[in-house]
Amino acid sequence: MNNTSTPAAFKNYINGQWQSALIPATFESYNPAHPTVSVGTFPESTTQDVELAVDAAKTAFPNWKATPAPKRGELFFKLANYIQTQKEAWAREMATEMGKPYTEALGDVQEAIEMATFMGGEGRRLHGFQTPSEFPNKWLMAIRQPVGVCGIITPWNFPIAVPSWKLFPAIIAGNTVVFKPAEQSPLMGQRMVEAFDAVGFPAGVINLVQGNEVAGKALVNHPDIGLISFTGSTATGTWIATRCAEQHKLCALELGGKNACIVWEDANVNLAIEGLLWGAFGTAGQRCTATSRLIVHRSVKKAVVEGLLAKIPTLHIGDPSIVETQVGPLIDADAIAKVERMVATAVNQGAIVLCGGKRFTEAPLNEGFYFQPTILDNVLPSMEIAQEEVFGPVLSVITVGSLDEAIAIANGVRYGLSAAVYSQDVGWALGVVERLDAGLTYINAPTIGAETHVPFGGVKQSGNGHREASNLVLDTYTQWKTISIETTPTLRKAQMD
Ligand code: ADP
């Protein structure tokens, strides 16, 4: 794909064809570092466009389901190779479209390469099982079957990685999909679907509808969609889960987090400081796994906080397209206003700003949505800033003196996505991890940094029990079919004969 010749006006992708929305409304995607600069114009799809896309996916489903999974897998290996060739170009565009620093954006694309390779391999597994029957000469087995048409609704903060975590397992399992990327990162959605097109996935297996919540809701409401897979805010997730329940539709949710890092008295303080900087300020704190609470033992608090304050001025904050940049802008004006408001509320409630606390008001950073890396001290566990997701570069410090107190605070939120503990006694830390309400845990590493071959997901209001990544993700995108085979000419009654 030659990006220089790609027109700035993009289309939906339905049944293997690029096409405009039926009602020709469009929206623009803007660069958060330079908010007057548009990266492209996209169709603002309506219910009618979603209907066309679902029809295409429904029509394509029987043949795709009947395609042997190893053959489906071969296309995924081609997909991995294709994405590899696009890695730098996509990372540059990602930095421009949603503000993730270029080096992090390379990692975002790398996740999709790994997921494509992994799911290609799953094409040769997709294991079911066989088990002994109660009766001799009777066979019992269970196989995985695809669900049908899946609606995939994704956020902007991992605009390649998160779609790959959903699209690839859904499609390798034999489902067909309608994909709606976030309205803040439609260009990345476009690139992802171009990749499927380039390597020859059959028409209708993946369909793209660009747009906002109108298109998202139409997917959730469509009777021919069997499953919605959603990553985004807890409020939207609650709405989607409710609608899906009303329709008896399957639904897999990845939602918010309020992730804690416990730094204990025997921690390697320098390692903890590095982990906190990366966990709290990587992607400017705009990760569902971002470290947003530092729960620190009072004996090491001074060393940890002073170490953080010494390092923050050395962070490269700037244009995400520049290779050296470590912290970029927030996604949009609403995001920066929310962070500002939450910090102001915390200060009113008694929190102390140790650094940052404001947006950048001087050139050149005042052009974009840049918020200063912020550390708040004197935070009480009950404050909004310690309870609710910020999605910005803000770390709240809570000081404790006992492990029970640390664990009660870490678990005392409605979320349960990721948690970390720093201690040089790994056996002790394992005991801590066992007590933490979180789906992802780290010992001597930050709360961010998931790998594609282990389960990803949270407990409590961070999700609804499903896991992404690893081979377990296939449980989301398949349904079990049990097959019982009688090989004797006799009627035999289970539990009775
Ligand atoms: P975030 O705050 O992380 O952007 P949202 O939950 O608002 O999260 O959006 C995540 C994705 O969900 C986006 O693709 C958005 O267009 C879509 N979306 C928002 N509201 C709805 C809804 N009610 N139904 C379906 N999709 C929605």
Side-chain angles (χ1 to χ4, degrees), residues 12 21 25 27-30 32 42-47 49-50 53-54 97-100 150-167 177-190 192-193 207-222 225 227-247 249-258 283-290 292 329-339 341-342 369 388-392 415 417 458 461-464 468:
N12 287 334
F27 69 98
E28 310 251 335
S29 175
Y30 292 100
F42 299 86
E44 192 171 312
S45 307
T46 62
T47 305
D49 302 301
V50 168
V54 174
E97 181 170 52
M98 51 64 72
K100 184 173 290 198
C150 300
I152 307 290
I153 303 173
T154 55
W156 51 266
N157 65 332
F158 279 87
I160 291 294
V162 166
S164 81
W165 287 21
K166 298 176 183 299
L167 296 168
V177 302
V178 180
F179 169 37
K180 196 208 81 66
E183 55 271 43
Q184 298 90 341
S185 58
L187 181 58
M188 290 293 94
Q190 161 81 19
M192 174 63 92
V193 175
N207 303 275
L208 170 72
V209 283
Q210 298 282 11
N212 54 31
E213 66 173 75
V214 171
K217 283 181 173 165
L219 274 175
V220 174
N221 288 328
H222 198 297
I225 296 242
L227 179 152
I228 293 288
S229 176
F230 168 80
T231 296
S233 63
T234 295
T236 302
T238 304
W239 185 86
I240 290 176
T242 308
R243 275 300 294 137
C244 286
E246 285 163 1
Q247 302 168 85
K249 194 171 275 185
L250 302 177
C251 169
L253 305 174
E254 287 296 340
L255 308 174
K258 190 66 199 173
T283 328
Q286 301 172 107
R287 295 188 183 214
C288 51
T289 53
S292 75
L330 301 189
I331 186 68
D332 56 24
D334 286 351
I336 202 165
K338 177 188 167 196
V339 177
R341 187 196 61 69
M342 287 186 77
F369 304 116
E388 297 302 330
E389 196 170 42
V390 180
F391 237 60
Y415 297 107
L417 187 54
Q461 291 186 27
S462 291
N464 65 342
E468 302 202 292

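Start at 1 and go down the list; that is how both ligands and their atoms are numbered. In this text the structure is predicted, and so the values were computed from the model without any measurement.
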Do any nitrogen or oxygen atoms of ligand 1 lie under 3.5 Å from a protein nitrogen or oxygen, and which ones?
{"from": "ligand 1", "atom 1": "6 (O)", "to": "Ser233", "atom 2": "N", "distance (Å)": "3.1"}
{"from": "ligand 1", "atom 1": "6 (O)", "to": "Ser233", "atom 2": "OG", "distance (Å)": "2.8"}
{"from": "ligand 1", "atom 1": "6 (O)", "to": "Thr236", "atom 2": "OG1", "distance (Å)": "2.9"}
{"from": "ligand 1", "atom 1": "8 (O)", "to": "Ser233", "atom 2": "N", "distance (Å)": "3.4"}
{"from": "ligand 1", "atom 1": "14 (O)", "to": "Thr154", "atom 2": "O", "distance (Å)": "2.9"}
{"from": "ligand 1", "atom 1": "14 (O)", "to": "Lys180", "atom 2": "NZ", "distance (Å)": "3.1"}
{"from": "ligand 1", "atom 1": "16 (O)", "to": "Lys180", "atom 2": "NZ", "distance (Å)": "3.0"}
{"from": "ligand 1", "atom 1": "16 (O)", "to": "Glu183", "atom 2": "OE1", "distance (Å)": "2.6"}

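- In this structure, Val390 and Lys258 have side chains that are in contact, with non-hydrogen atoms separated by less than 4.5 Å.
- Looking at Gln286, its side chain does come within 3.5 Å of a backbone N or O of Ile331 through a donor-acceptor pair.
- Side-chain contact between Thr154 and Phe179 is present, with at least one heavy-atom pair separated by less than 4.5 Å.
- For the pair Lys100 and Phe158, the cation sits on the ring face: its NZ or CZ lies under 6.0 Å from the ring centre, inside 45° of the axis.
- With contacts defined as side-chain heavy-atom distances shorter than 4.5 Å, the pair Glu468/Thr231 qualifies.
- Residues Glu254 and Ser229 are not in side-chain contact: their nearest non-hydrogen atoms beyond the backbone lie 4.5 Å or more apart.
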